[in-house]
Number of protein chains: 2
Amino acid sequence: MGITIQEASRVSGLSTHTLRYYEQIGLIHEVGRDTGGRRSYTQPDLEWLDFLTKLRTTGMSIAEMCRYAELRRQGPATAAERRRMLEVHRERVLERIAQLGEDLAVIDYKIDLYHTMEKS
Amino acid sequence: MGITIQEASRVSGLSTHTLRYYEQIGLIHEVGRDTGGRRSYTQPDLEWLDFLTKLRTTGMSIAEMCRYAELRRQGPATAAERRRMLEVHRERVLERIAQLGEDLAVIDYKIDLYHTMEKS
DNA sequence: GCTTGACTTGAAGTGCACTCGAAGGTGCAG
DNA sequence: CTGCACCTTCGAGTGCACTTCAAGTCAAGC
C-alpha cells in the first residue's frame with residue numbers, strides 16, 4: 001500500500017536516517033509498518049514531509065516544527081494556532097529575503113570593485 | 001587610536017567571545033594591542049568585520065571566509081581569485097533567495113487554506 | 001539451508017559555529 | 001593599597017540537526 005523508506009528517501013530528498021530521525025522525534029506520526037515491521041510511507045506522509053522540508057529550508061527550527069506537528073495531531077481545534085505559527089514564520093522568511101537582498105547588493109558592489117581593480 | 005573589544009562588539013553586533021574567536025581562527029588578522037595588551041579595533045577592522053558578517057549571514061561557511069581572508073592577506077595578486085569566490089557565492093545567494101520565494105508561496109497558500117477553513 | 005542486503009531499534013558520534021570557564025593580568029576609584 | 005571590573009589566553013563545553021554505529025531481524029535468490 002505504501003512505499004519503502006528507500007523510495008520515500010528518493011522522493012522526499014531526505015536520507016533514510018533523517019526519515020527515521022523525524023519519526024523518532026515525532027515530526028511524522030506513526031508511519032505504517034508492513035508485515036515484516038518495515039516502514040511503509042503513504043501519499044499523505046510524503047506530502048507532509050514535503051511541507052516539513054519547506055519549513056526546514058526556510059529556517060524553521062526542528063523544535064518549532066515539532067510543535068506544529070503536535071498541534072496538527074490534535075486536530076482542527078488547533079487550526080487557528082497553526083495559522084498564527086505560519087504567519088509568524090512567514091514574517092521571518094520575508095525579513096530573511098530582504099536581508100539577503102541587502103547583503104547581496106554589498107557583495108555585488110565588492111565584485112564590481114574587483115573588476116575595476118583588475119582593469120586599471 | 002582604536003576602540004575596545006566592548007565597543008567593537010556593540011558596533012559590529014558580534015559578541016566579544018566571537019570577536020576573539022574570529023581573530024584566533026585568522027578571520028581578522030593581527031588586531032592591534034594597547035600598552036596593557038588589550039585589543040584595539042581600528043576603523044578598517046570594523047569595516048572588515050562588517051563585510052565578514054554579510055558573508056556569514058548570506059551563508060558563507062567560516063572555512064570559506066578563512067580562505068577569503070587568507071587571500072586578502074596575500075595582497076592584490078589574489079584579487080581575481082577573491083572576485084571569483086564572491087561571484088560563486090553570489091550565485092548561491094541568488095539561488096537561496098529564489099528558493100525562499102518558492103517556499104514562501106507554499107506557506108502563503110497554507111495560510112490561505114487555514115483562513116478558508118476558519119471561515120467555513 | 002545459507003548468504004546477502006536492506007530493514008529494525010536505541011544509543012553514541014559528528015561538524016559547525018560559537019560560547020563559556022578557569023586562571024591570571026591591568027588600571028582606575030576610593 | 002585594595003577592591004573591582006574588565007581584560008588576557010587556552011581549552012573545554014554547548015546546541016542544533018543530523019549521521020553513524022552496533023546488534024539483531026527478515027525476505028529473496030542460489
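Both backbone and side-chain heavy atoms feed into the values below; hydrogens, waters and symmetry mates do not. Naming: A, B, ... by sequence-line order, numbering from 1 per chain.
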Within residues 61-73 of chain B, residues whose heavy atoms come under 4.0 Å of DNA chain C:
B:Ser61, B:Ile62
Atom CG of A:Leu27 to atom P of D:dC18: distance rounded to whole Å?
9 Å
Figure out the CD/P separation between B:Glu23 and D:dC7, and round it to whole Å.
14 Å
In plain terms, say whether A:Glu87 and B:Lys110 are close enough for a salt bridge, that is, a side-chain N and a carboxylate O under 4.0 Å apart.
no
For DNA chain C, which residues of residues 46-58 of chain B approach it to below 4.0 angstrom with any heavy atom?
B:Arg56
Give the B/S/- string for nucleotides 23-30 of chain D, one per nucleotide from 5' to 3', where a protein heavy atom under 4.0 Å of the base yields B, of only the sugar-phosphate yields S, and otherwise -.
---BS---
Decide whether B:Met65 and B:Val31 are clustered together by the hydrophobic rule: side chain heavy atoms of Ile, Leu, Val, Met, Phe, Trp, Tyr closer than 4.5 Å, transitively.
yes
For B:Thr58 and B:Lys54, which heavy atoms make the closest approach, and how far apart are they?
OG1-O, 2.7 Å
Nucleotide C:dC28, atom P - distance to CG of B:Asp34 in whole Å
10 Å
For A:Thr53, all residues meeting side-chain hydrogen bond (donor to acceptor under 3.5 Å, both in side chains), sequence neighbours excluded:
none
Do A:Met85 and A:Leu71 make a side-chain contact, defined as non-hydrogen atoms from C-beta onward lying under 4.5 Å apart?
yes
Could you list the residues that satisfy side-chain contact (heavy atoms from CB on, under 4.5 Å) with B:Ala98, not counting sequence neighbours?
none
Take B:Gln24 and A:Met60, find for each the nucleotide of DNA chain D with the closest heavy atom, and name the residue whose nucleotide sits nearer the 5' end.
B:Gln24
Are B:Arg39 and C:dT26 close enough that a side-chain N or O sits under 4.0 Å from OP1 or OP2?
no
Expressed as a whole number of angstroms, how long is the span from B:Tyr41:OH to D:dC7:C1'?
12 Å
Expected list for residues 4-22 of chain B near DNA chain D, using heavy atoms below 4.0 Å, is B:Ile5, B:Gln6, B:Arg20
Smallest heavy-atom separation, A:Thr16 atom then A:Ile5 atom, equals O-CD1, 3.7 Å
For a quick test of reading the model, state the closest non-hydrogen atom pair linking A:Ala69 to A:Gly26 and the distance between them.
CB-O, 3.9 Å
Indicate yes or no: at least one non-hydrogen side-chain atom of B:His89 is less than 4.5 angstrom from one of A:Ile107.
yes
Could you check how far CZ of B:Arg33 sits from C1' of C:dT26, rounded to whole Å?
14 Å
Flag the pair A:Leu14 / A:Ser9 as yes when at least one side-chain heavy-atom distance between them is below 4.5 Å, and no otherwise.
no
Quick one: are B:Leu27 and B:Glu23 in side-chain contact, heavy atoms under 4.5 Å?
no
Are A:Arg82 and B:Tyr114 close enough that a side-chain donor and a side-chain acceptor fall under 3.5 Å?
yes
Can you see whether B:Thr57 engages A:Asp103 through a side-chain donor-acceptor pair at a distance of less than 3.5 angstrom?
yes
